[in-house]
Each structure stands twice: as C-alpha cells, then as structure tokens.
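Heads up: the structure comes next, in structure tokens.
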Amino acid sequence: MSHETSTYPIDPINRVKRLHERAAYDHATVHAILDAAALAHISYVIDGQPYCTPTLFWREGTRLYWHGSSASRMVRHQAGGVPVCVTVSHLDSLVLARCGFNHSVDYRSVMAFGHAELVTDIEEKQRALTMMVDRFYPQRTATLRPTTAQEFKATAVMVMDIERASGKVRSKGLADDPEDQDLPIYAERIPVMTVLGEPEPCPRLSSEVVRPESLQPYQAGRRLDLALAEAHQQSYR
C-alpha cells in the first residue's frame with residue numbers, strides 16, 4: 001500500500017462519533033489539511049490542568065514538529081514523552097440557513113494524537129530548525145546568516161509520531177430542510193479565506209537585494225492555505 005493511500009488506525013480515541021460521514025482517516029486527506037496550515041494548537045495536561053498552546057508546526061511524513069522556547073512550560077513538560085493532541089482547522093465559509101438549527105460553517109479540521117518528545121540529537125535539531133524556516137519559505141535558510149550558539153540553545157524542537165489522526169470536513173454549504181426551502185427567508189453561504197496582502201519590503205534593503213524566486217507561492221491576492229500547501233510540496237518533493 002502506498003504512503004498516500006494508507007490510513008491511520010481507527011479506535012475510540014480518534015473515531016469521529018458525530019456526523020461520521022464527514023470523517024477522513026486516510027493519509028492524503030489528513031496530510032493535505034495539515035500542510036495547508038501554519039498554526040496548530042497543542043493540547044496537553046499538567047497535574048490535571050489542561051493547557052492548549054498555539055504554535056507554528058510542520059509535517060514530515062507521519063511526524064509533526066513544532067518549536068518553542070527552551071524555557072517554556074510546554075517544552076519542559078512535553079520533553080518526557082507525554083500524550084498530546086495536535087489540532088488544525090480551516091474555516092471555509094459561514095452558512096446562513098432558514099432556521100437557526102441549520103446555520104453552520106464549512107470547514108476542514110484534523111486532530112492528531114501521539115506522544116511528544118524533545119529533539120535532543122544535535123544534527124536532527126539542526127535539520128529541524130532549518131525546516132522550521134524552509135517548510136514555509138523553500139531554500140531560505142541557505143541565504144541567511146548562521147544561527148548563533150545562543151539562539152540554537154534557546155530554541156527547542158518537539159516531535160510527535162502521529163499514532164492516530166482523524167480529519168473532519170464539511171463542504172456542502174446550505175442544507176435547509178426540504179420543507180423550509182421555499183420560505184421567504186434570506187439564506188446564503190459566505191466564503192471565508194485568508195488572502196495574502198501586498199509584500200512590504202524592509203525600507204533598509206539595498207537596491208541590489210531582490211525578492212527571491214523561492215517566495216513565488218506568496219503572491220498578493222492568493223489564498224494563504226494554497227500558498228502554504230505549495231511551499232510544503234516544494235520543500236519536501
């Protein structure tokens with residue numbers, strides 16, 4: 001079975017119980033939702049108290065990486081291999097129906113489960129910190145000044161093998177009950193998207209420094225999720 005036709009195992013932890021027809025467990029769907037996002041929310045429990053930390057993340061195969069300050073509570077707690085849930089979501093539309101019950105949204109989301117671990121191998125950490133930049137901006141790290149020893153020490157990288165995952169997608173827009181469809185009540189679907197603005201170059205740039213071709217995915221007016229997905233594909237092809 002090829003990598004992108006595989007599915008994550010399904011058990012009571014990740015099985016979608018409500019509106020199960022929206023569920024997806026295959027790698028292709030789950031990974032596409034992850035790769036179109038930059039921000040994830042990492043949930044974990046410390047001494048019975050739940051926490052949820054938003055942070056940049058990226059995917060390599062069936063592993064997720066994220067970073068944090070070496071001094072952060074999240075990193076100190078997760079370093080020991082604790083269970084975590086990584087959540088990503090995209091809001092695609094607002095849906096105004098003819099009754100309150102059928103008001104909804106279109107969305108794409110993923111919940112991924114596993115055990116977080118601190119990346120301690122120096123070479124692996126160096127590679128991960130490179131991809132922390134290059135996953136979003138392909139080949140950019142090679143053009144930057146080297147990371148200092150203090151910067152390297154101050155930044156921690158966490159990794160999680162995806163043990164279970166489930167995607168959930170709603171994309172049907174309006175879904176009024178048949179008996180409501182002719183009621184004289186306004187209804188509509190409002191598409192929602194994050195769109196990139198016009199780049200604003202640093203005013204201190206010299207005239208010899210031009211915008212690199214590797215930033216081609218990030219063009220004004222383009223959807224952010226499409227740009228992120230393209231950048232990920234370029235970085236890991």
Side-chain angles (χ1 to χ4, degrees), residues 4 24 27-42 52-61 63-69 86-96 103-112 127-147 151 155 157 167-174 186-237:
E4 289 304 317
H27 286 190
T29 300
V30 169
H31 294 172
I33 295 171
L34 292 170
D35 298 346
L39 187 70
H41 288 77
I42 318 295
C52 184
T53 302
T55 186
L56 292 176
F57 84 105
W58 65 103
R59 178 187 67 87
E60 295 185 3
R63 307 188 96 190
L64 298 181
Y65 290 84
W66 58 93
H67 79 294
S69 166
V86 180
T87 304
V88 165
S89 60
H90 304 270
L91 177 63
D92 294 324
S93 79
L94 306 175
V95 178
L96 290 75
H103 276 61
S104 189
V105 298
D106 287 327
Y107 63 88
R108 293 161 287 154
S109 65
V110 162
M111 295 178 68
R127 188 196 64 79
L129 289 177
T130 294
M131 295 314 300
M132 185 181 73
V133 174
D134 287 9
R135 173 268 177 269
F136 300 103
Y137 316 109
Q139 305 170 13
R140 181 164 176 78
T141 300
T143 71
L144 305 177
R145 71 145 173 85
T147 299
E151 290 169 340
T155 306
V157 178
K168 196 172 183 182
V169 179
R170 185 194 192 273
S171 59
K172 64 181 179 180
L174 281 163
Y186 186 77
E188 71 176 14
R189 175 183 183 270
I190 305 173
V192 176
M193 60 192 75
T194 300
V195 176
L196 298 168
E198 193 68 39
E200 300 175 357
C202 175
R204 296 179 62 87
L205 283 175
S206 68
S207 58
E208 293 81 18
V209 179
V210 298
R211 195 171 196 256
E213 287 295 323
S214 59
L215 293 180
Q216 187 64 28
Y218 298 95
Q219 298 295 321
R222 193 174 189 208
R223 283 172 41 180
L224 174 62
D225 58 339
L226 299 181
L228 290 170
E230 181 179 339
H232 184 278
Q233 185 178 37
Q234 288 185 12
S235 296
Y236 288 103
R237 63 187 175 187

Side-chain heavy atoms of [X] within contact of [Y], under 4.5 Å:
X    : Y    : value
R189 : D106 : yes
T55  : H67  : yes
R222 : V195 : no
L129 : T155 : yes
V192 : V105 : no
W66  : V86  : yes
R135 : L228 : yes

How long is the span from the [atom1] atom in [X] to the [atom2] atom in [Y], to the nearest 0.5 Å?
X    : Y    : atom1 : atom2 : result
L34  : T87  : CG    : OG1   : 10.0 Å
Q234 : S214 : CD    : OG    : 8.0 Å
Y236 : M131 : OH    : CE    : 3.5 Å
Y107 : L94  : OH    : CG    : 14.0 Å
E60  : R127 : CD    : CZ    : 4.0 Å
T147 : R145 : OG1   : CZ    : 6.5 Å

### Message
Show, in sequence, the C-alpha distance, side-chain angles and deciding distance for I33 and H90, and conclude whether the side chain to side chain contact (heavy atoms under 4.5 Å, CB included) test is met.
### Response
CA-CA 8 Å; I33 295 171; H90 304 270; 3.8 Å; yes
Closest contact, heavy atoms only, [X] versus [Y]:
X    : Y    : value
L174 : L96  : CD2-O, 3.1 Å
F136 : A37  : CE2-O, 4.5 Å
P199 : A220 : CD-CB, 4.3 Å
V95  : S93  : CG2-OG, 3.7 Å
R59  : H31  : NH1-ND1, 3.3 Å
P217 : A227 : O-CB, 3.3 Å

### Task
Take the angle between the ring planes of W58 and Y65 and call it parallel below 30°, perpendicular above 60°, tilted in between.
parallel
Return yes when atom [atom1] of [X] has more than 12 non-hydrogen atoms of other residues, nucleotides or ligands closer than 6.0 Å, and no otherwise.
X    : atom1 : value
E213 : CD    : no
R170 : CZ    : yes
Q139 : CD    : no
Q233 : CD    : no

### Task
List the steps and the verdict of ring-ring contact (aromatic ring centres under 6.0 Å, His included) for Y137 and Y218.
CA-CA 9 Å; Y137 316 109; Y218 298 95; 5.6 Å; yes
### Task
Please lay out, stage by stage, how V88 and F57 fare under the test side chain to side chain contact (heavy atoms under 4.5 Å, CB included).
CA-CA 10 Å; V88 165; F57 84 105; 3.6 Å; yes
### Task
I would like to know whether T141 and D134 meet side chain to side chain donor-acceptor pair (under 3.5 Å); could you show each step before the answer?
CA-CA 6 Å; T141 300; D134 287 9; 2.7 Å; yes
### Query
Do any N or O atoms from the side chain of S235 and from the backbone of H232 form a donor-acceptor pair under 3.5 angstrom?
no
### Query
Can you tell which of L91, T29, D92 makes a side-chain contact (heavy atoms from CB on, under 4.5 Å) with R108?
D92
